[in-house]
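What follows is a single structure, written as structure tokens, with notes after it.
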Amino acid sequence: MEVTTTEGIGSRRLGYHAIQKSMVKHNASQCGYCSPGFVNQMYSLLLQNPDPSQKTVETNFSGNLCRCTGYRSILDAMQEFSNPESKFRDESKTNGRQICARHSR
């Protein structure tokens, strides 16, 4: 069993992952307490489904809590990785995007 932390996904030394960069771009981290959970949850989703619909991205975070941002900025950051045209398509199919390929072992 392997555990990947937020630092294992990306860091100053290794270079930040696109998910982490999106969180910064959208000002989606205020106190920083919940950020690792959101980053890891999105990373995990992309490993399972590299081309998620907007609805899949939104429902993926139902268990994560944030008391600072109100979720809009976090959702905006994560929606950068969704496919808006996949609203009614089969979620088990992907178009081959490899967002997390450099981290798969």
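Just so you know, these numbers come straight off a predicted model, no measurement behind them. Throughout, residue positions are numbered sequentially from 1 according to the sequence presented.
- Side-chain contact between Tyr43 and Phe38 is absent, with no heavy atoms from C-beta onward closer than 4.5 Å.
- Partners of Arg13 under the salt bridge (charged side-chain N to carboxylate O under 4.0 Å, His left out) rule, at least two apart in sequence or in another chain, do not exist in this structure.
- Closest approach of Gly32 and Pro36 over heavy atoms only: O-CD, 3.4 Å.
- Side-chain contact between Thr4 and Asn40: absent, with no pair of heavy atoms (C-beta onward) separated by less than 4.5 Å.
- Counting heavy atoms from C-beta outward, Ile19 and Met78 have side chains that approach closer than 4.5 Å.
- Applying the salt bridge (Lys or Arg N to Asp or Glu O under 4.0 Å) rule to pairs touching residues 19-48 yields Lys25-Glu80, sequence neighbours excluded.
- The SG atom of Cys68 sits 5.5 Å away from the CD atom of Gln30 when rounded to the nearest 0.5 Å.
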Which pairs of donor and acceptor atoms, one on a side chain in residues 57-64, lie under 3.5 Å apart (sequence neighbours left out)?
unit_1: Thr59; atom_1: OG1; unit_2: Lys55; atom_2: O; d: 3.1
unit_1: Thr59; atom_1: OG1; unit_2: Thr56; atom_2: O; d: 3.3
unit_1: Asn60; atom_1: ND2; unit_2: Gln41; atom_2: O; d: 3.4
unit_1: Ser62; atom_1: OG; unit_2: Thr59; atom_2: O; d: 3.4
unit_1: Asn64; atom_1: ND2; unit_2: Gly37; atom_2: O; d: 3.4

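- To the nearest 0.5 angstrom, Leu75 atom CG is 12.0 Å from Cys66 atom SG.
- Shown here for His17 and Gln20, the closest heavy-atom pair between the two residues is N-OE1, 2.8 Å.
- No single ILVMFWY cluster, assembled from side-chain heavy atoms under 4.5 Å apart, contains both Val24 and Tyr16.
- Across every non-hydrogen atom of Asn27 and Ser73, the tightest pair is O-OG, 3.6 Å.
- Of the inter-residue distances, the one linking Ile74 atom CD1 with His26 atom NE2 reads 12.0 Å to the nearest 0.5 angstrom.
- Here the closest heavy-atom approach between residue Phe81 and residue Ser22 is recorded as CE1-CB, 3.9 Å.
- Atom OG1 of Thr6 sits about 9.0 Å away from atom CE of Met23, to the nearest 0.5 Å.
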